[in-house]
Every structure is written in structure tokens, then in C-alpha cells.
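See below for the structure under consideration.
The basis for the numbers below is simple: all heavy atoms, side chains too, and nothing from hydrogens, waters or symmetry mates.
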Amino acid sequence: SGSVIHIDRANPRQAIEGYVEGMHKQGTRDIYLDLNGHGSDAGIFFGATVDAPNLSGKELASIIQKYPDTKFYISTIACDGGGLRGEMMNLVKNSEIKDRLYIFLQAKPYEINQEGRVDTGGELPDIYSSYYNMLFMKFLNEPKPEGGQRTFGEALRATDLEVQKYINV
């Protein structure tokens, strides 16, 4: 079970921590957090500017450490990975945490993520998703040239290579 968390713009950490605590009290031991916001190496920003309330990798790490019996699956579309890579890499060095933390950063630490647009016949193409998401879905669903379907990992690798043709910073 789970639900969408609408981040309180004043305190994203408190909103996420409250959600995790509530799910933990209900007996949930697998927590999936899909953190959608802008990003920089300083964190994930839940608003349009770097002045918006944010969540740093260090804050997220402290939440994860509070629940030693829980697995965390974390995903973000934030540019620069929302600064999570370094802090999460430090966490997985701990043998008690490494088997219960899974993180997927759409935008690699050295690149931005960009909205994908689809031509729907209007004056401007409509915002659809990130290029990464659109290409990932394509590679998951399209058969390989030699036949058969790609594995999840193969689709991720193909997406990483393809997206670099469109977005390069």
C-alpha cells in the first residue's frame, strides 16, 4: 500500500519522514520514494527555484538510518541526481545498509534532465515527460534488433546512451 505525498513546501524532510514513519507503523518494510523536483548537487528542490524548500542527501540518509529493518527504493528525475549520489554511496559502504538501499537517478550526477515534448499538432509540442522516461519506455517495449525483449538493465543502458544524443551539458 502507499500513497502520493504532497510535499509541504515549508519542510520536505518532515513530510517524507512523517510518511515513512506512518507506513512503518502499519508494518510496511519496503518503502518506495519517487522524488520529483528540480535538483542540483545541493539537493532536490520542491519548487521552481533553488530558493524553494529542498531535501539534501544528508537529510534523506538520516531518514533511512532510522529504520534498520526497512528497504528503501528511491528514484528521482532531479537534475544532478538531486545531489543524492555521494551521500547514498557513503551509506552503502555500511554493510547493514547496502542490501536495503536501491537508488535510481535518471539524471546522472554530471548532467541535467530535460522535459520531453511530443508534437500533438498544436503551435508548440506538449510537455509529455522527461526524455529519459520516454526513451526508457521505448527501449523496454521495443523488441531488440536481433529479436526478443530487452531486460530492465539493457533498457536502462540503451536509454543512457540514447539520451546523451539529446542532452549533453
Side-chain angles (χ1 to χ4, degrees), residues 1-115 129-137 139-141 149-160 163:
S1 75
S3 61
V4 174
I5 309 169
H6 295 281
I7 298 296
D8 178 321
R9 294 204 177 256
N11 196 332
R13 177 189 175 159
Q14 186 176 20
I16 292 167
E17 205 162 20
Y19 171 78
V20 171
E21 176 66 23
M23 295 302 291
H24 192 266
K25 282 181 180 176
Q26 292 176 23
T28 301
R29 296 301 181 264
D30 291 287
I31 303 286
Y32 174 71
L33 298 174
D34 188 11
L35 304 171
N36 291 298
H38 293 281
S40 76
D41 58 358
I44 299 172
F45 297 86
F46 298 95
T49 69
V50 294
D51 296 329
N54 64 78
L55 178 74
S56 70
K58 184 171 253 166
E59 290 173 313
L60 186 57
S62 73
I63 294 169
I64 292 166
Q65 290 171 314
K66 283 179 64 175
Y67 301 93
D69 62 342
T70 302
K71 289 183 180 179
F72 286 85
Y73 305 85
I74 300 164
S75 176
T76 186
I77 63 170
C79 288
D80 297 309
L84 299 182
R85 184 179 185 275
E87 201 60 48
M88 298 303 113
M89 291 300 290
N90 287 335
L91 270 186
V92 297
K93 290 176 185 174
N94 179 331
S95 63
E96 294 177 11
I97 294 176
K98 75 175 186 168
D99 292 330
R100 60 182 192 85
L101 175 61
Y102 306 90
I103 188 158
F104 176 65
L105 307 176
Q106 259 189 40
K108 304 310 173 215
Y110 48 84
E111 290 192 0
I112 62 168
N113 206 355
Q114 187 171 340
E115 65 192 25
S129 182
S130 68
Y131 282 117
Y132 200 100
N133 267 347
M134 292 189 327
L135 291 166
F136 182 54
M137 292 301 111
F139 287 120
L140 271 179
N141 292 295
Q149 293 300 124
R150 288 178 180 86
T151 65
F152 191 83
E154 289 170 336
L156 286 174
R157 178 70 178 136
T159 303
D160 281 346
V163 82

Closest non-hydrogen atoms of Arg13 and Ser62, given as atom of the first, atom of the second and distance, are NH2-OG, 2.8 Å

Separation of Tyr73 OH from Ile103 CD1 (nearest 0.5 Å)
13.5 Å

Is the Phe136 ring parallel, tilted or perpendicular to the Phe152 ring (thresholds 30°, 60°)?
perpendicular

Any chance you could lay out the side chain to side chain contact (heavy atoms under 4.5 Å, CB included) test for Glu21 and Tyr67, step after step, and finish with the verdict?
CA-CA 9 Å; Glu21 176 66 23; Tyr67 301 93; 2.4 Å; yes

So which heavy atom on Arg100 is nearest to which on Gln65, and how close?
NH2-CA, 4.3 Å

Value rounded to 0.5 Å, distance of OH in Tyr102 from CG in Asp30:
9.0 Å

What pair of heavy atoms forms the shortest contact from Gly39 to Asp80, and how long is it?
O-OD2, 4.1 Å

Side chain to side chain contact (heavy atoms under 4.5 Å, CB included) between Leu60 and Leu33, intermediate numbers included
CA-CA 10 Å; Leu60 186 57; Leu33 298 174; 4.1 Å; yes

Can you see which heavy atom on Asp99 is nearest to which on Lys71, and at what distance?
O-CE, 3.9 Å

CG (Asn54) and CG (Asn11) are apart, to the nearest 0.5 Å, by 10.0 Å

At what distance, to the nearest 0.5 angstrom, does CG of Leu84 lie from CG of Leu35?
7.0 Å

Can you list, pair by pair, the side-chain donor-acceptor contacts under 3.5 Å of residues 88-96, counting residues two or more places apart and other chains?
unit_1 : atom_1 : unit_2 : atom_2 : d
Asn90  : ND2    : Gly86  : O      : 3.4
Asn94  : OD1    : Glu96  : N      : 2.7

When rounded to the nearest 0.5 angstrom, what distance separates CD1 in Ile31 from NE2 in His24?
8.0 Å

Between Lys66 and Glu17, the two heavy atoms sitting closest are NZ-OE2, 3.1 Å

Could you give me the CA-CA distance, side-chain angles and deciding distance for Ile74 and Leu101, then say whether side chain to side chain contact (heavy atoms under 4.5 Å, CB included) is met?
CA-CA 8 Å; Ile74 300 164; Leu101 175 61; 3.8 Å; yes

Mind checking ring-ring contact (aromatic ring centres under 6.0 Å, His included) for Phe139 and listing every partner two or more places apart, or none if nothing turns up?
none

Donor-acceptor check, side chain of Ser75 to backbone of Asp34, threshold 3.5 angstrom: yes or no?
no

More than 12 heavy atoms of other residues, nucleotides or ligands under 6.0 Å from CZ of Arg157: yes or no?
no

Between Ala78 and Ile44, which heavy-atom pair has the shortest distance, and what is it?
CB-CG1, 4.0 Å

